[in-house]
Amino acid sequence: MTASDIKAQAKQLGFNACGIAPAAAHPELAFFREWLDRGYAGEMAYLNRSADRRADVRQVLPTARSVIVTATNYNTDRPYSTEIADPTRARIARYAWGDDYHDVVGARMNTLLDWMRARSAEPFDARVYVDTGPVQERVYAQHAGIGWIGKNTCVIHPEIGSWIFLAEIICSLPLDVDAPALDRCGTCTLCLEACPTQAIVAPCVLDSSRCISYLTIEKRGEIPAPLHEALGSHVYGCDVCQEVCPWNAVAPRSQDPAWQPRAAWDHVSLLTLARRTDDELAGALCESSMRRTKAQGLRRNVAIALANAETAERRL
Ligand code: B12
Ligand code: SF4
Ligand code: SF4
C-alpha cells in the first residue's frame, strides 16, 4: 500500500484533498507554548492541559512515522455574512450549518483506516482525529502540503480556499511524504483589518479571548460587556477573516448533503431564534456542531445580538 493508493482511496471516499506529513516536531509547533503564555487561549483550559502532547504527535502515538491529513470542503451556496447588511439577521458560522463534522468526517476517516488495515501487508498502529485530539492540525496540514497557514491563522488550500475541515490519521507506517505548502499571503493584510474585534494581533497570531468565535462558542458564563457591540449579530462563530480573504473569493461549493444548511439556521432572524422553545432548539441542535453551546449558550448570544440590532435600528 503506497501513499498514492491511500490518496486515491481518500478521493474515492469524498475527501477533497489528502497529503502526508512526517510525524515530527515541526518548528511551528514551538509557538504553541508562547501563545498559551501570552494568555491567548482564554479559558480553554484543555489546551494548557494537553500542551506537552501537542508539541509532537509522537507524544500521542510513540511509534508514529506519518500523519495522513485530509481536507473536506464545507462551503455551500449562501452569501457571506459580510454581504448581508440586515442587523436583525442572525449570523452563524458556515461550518456549523449542517451536520456535526466530528461525526461525519470521523466516520469517513474510520472507513479510510479500515481500508488501510485491510490492504496493509503488516499490522500497524494508528489514531484518527477530527478536531478531537491533542494535535496541532494546521501545522501537520501545512507540512502535508494541504495548504499554508494564512495570516488569519487558517489553512488555505490554493484551489479550495479555507472552508475546509481538517482530519488526520497518525500511523506507524513509513509512507512517502509531501512537500510543505508555501505561504501565498504575500503583502495582503485584509483579514487583520476586517476582524471586528481586532483579535488577529499580528500575522498568524490570534488572541482567542477577543475572537467572536471563542466568545460565542467556547466562553462559558458572561461575555465581557466591552466586546458586546463588536459581536454585532453573530450568534455562533464568525467567518469575517475568511470571507474577506481573496483566496475564498471564488471558493468551490460542496454538494454534500451533510453540509447543506439546516432549515432551522437558514436565513433565520434573531427574533425567530429568540422565540424558539427549548424543545425546538434542542431538536435543531441534535447532531449539529452547534450543540457545543447548548440552547442556554445560544440564548445568551442571541440576547446580546438583539440588543445590538435595537441599537443599530435606533441609529437609522
Ligand atoms: C482552539 C481552536 C480554536 C480557537 C483558537 C483559534 C486559533 N486561531 O488558534 C477558536 C475558538 C478561536 C477557534 C476558532 C475557529 N476555528 Co478552531 N480550532 C481550535 C483547535 C481545537 C486548536 C487550535 C490551536 O491549537 N490554536 C492555538 C494556535 C497557537 O495553534 P494553531 O492554530 O495550530 O497555530 C499554529 C500555527 O499557526 C503556527 N504558526 C505557523 N506559522 C506561524 C508563523 C508565525 C509568525 C507565528 C507567530 C505562528 C505560526 O503556530 C501554531 C502552532 O504552534 C483546532 C483543532 C486542532 N486540534 O488543531 C480547531 C481548528 C483550527 N478550527 C477550525 C475552524 C473551522 C475554526 C473557525 C473557522 C470556526 C468559526 N467559523 O467560528 C474559527 C476560525 C478563527 C480563526 N481565525 O482561527 C478548523 C480550521 C480549518 C482551517 N482551514 O484552518 C480546525 C483545524 C478544526 C478542524 N479539524 O477542522 N478555533
Ligand atoms: S473569527 Fe472573527 S473575531 Fe475571530 S479572528 Fe476571525 S474575524 Fe476576528
Ligand atoms: S486575507 Fe490576505 S493576509 Fe489574510 S489569510 Fe487571506 S491572503 Fe492571507
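A quick note: this is a predicted structure, and the numbers were derived from the prediction, not measured. The first residue of the sequence shown is numbered 1, and numbering continues consecutively from there. As the structure lists them, so they are numbered: ligands from 1, and atoms in each ligand from 1.
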Proximity of Leu192 to ligand 3 by residue part, where a heavy atom lies under 4.0 Å
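Contact part for Leu192 vs ligand 3: neither.
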Carboxylate-amine/guanidinium proximity below 4.0 Å for Arg38 and Asp207:
no
Charged N to carboxylate O under 4.0 angstrom, Lys219 versus Glu43?
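Here Lys219 pairs with Glu43 in a salt bridge, since their nearest N and O are under 4.0 Å apart.
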Heavy-atom proximity to [atom], best of [options]:
atom                    : options                        : result
atom 22 (C) of ligand 1 : His26, Arg54, Gln242           : Arg54
atom 5 (C) of ligand 1  : Ser208, Ala96, Cys204          : Ser208
atom 2 (Fe) of ligand 2 : Ala194, Cys211, Cys238, Ala230 : Cys238
atom 37 (O) of ligand 1 : Thr72, Thr132, Ile149          : Ile149
atom 30 (O) of ligand 1 : Arg138, Glu218, Lys151, Gln136 : Gln136

Has Cys241 got an N, O or S atom lying less than 2.8 Å from atom 8 (Fe) of ligand 2?
no
Strictly under 4.0 Å, does any heavy atom of Asn152 approach an atom of ligand 2?
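Contact check Asn152 vs ligand 2: negative.
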Taking non-hydrogen atoms only, is Ile212 closer than 4.0 angstrom to ligand 2 via side chain, backbone, both or neither?
both
For Asp239 and ligand 1, does the shortest N/O to N/O distance drop below 3.5 Å?
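Yes.
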Indicate yes or no: does an N/O atom of Tyr101 lie under 3.5 Å from an N/O atom of ligand 1?
no
Steps toward ring pair (Phe, Tyr, Trp, His ring centres under 6.0 Å) verdict (Tyr101, Tyr74):
CA-CA 9 Å; Tyr101 67 98; Tyr74 62 82; 7.8 Å; no
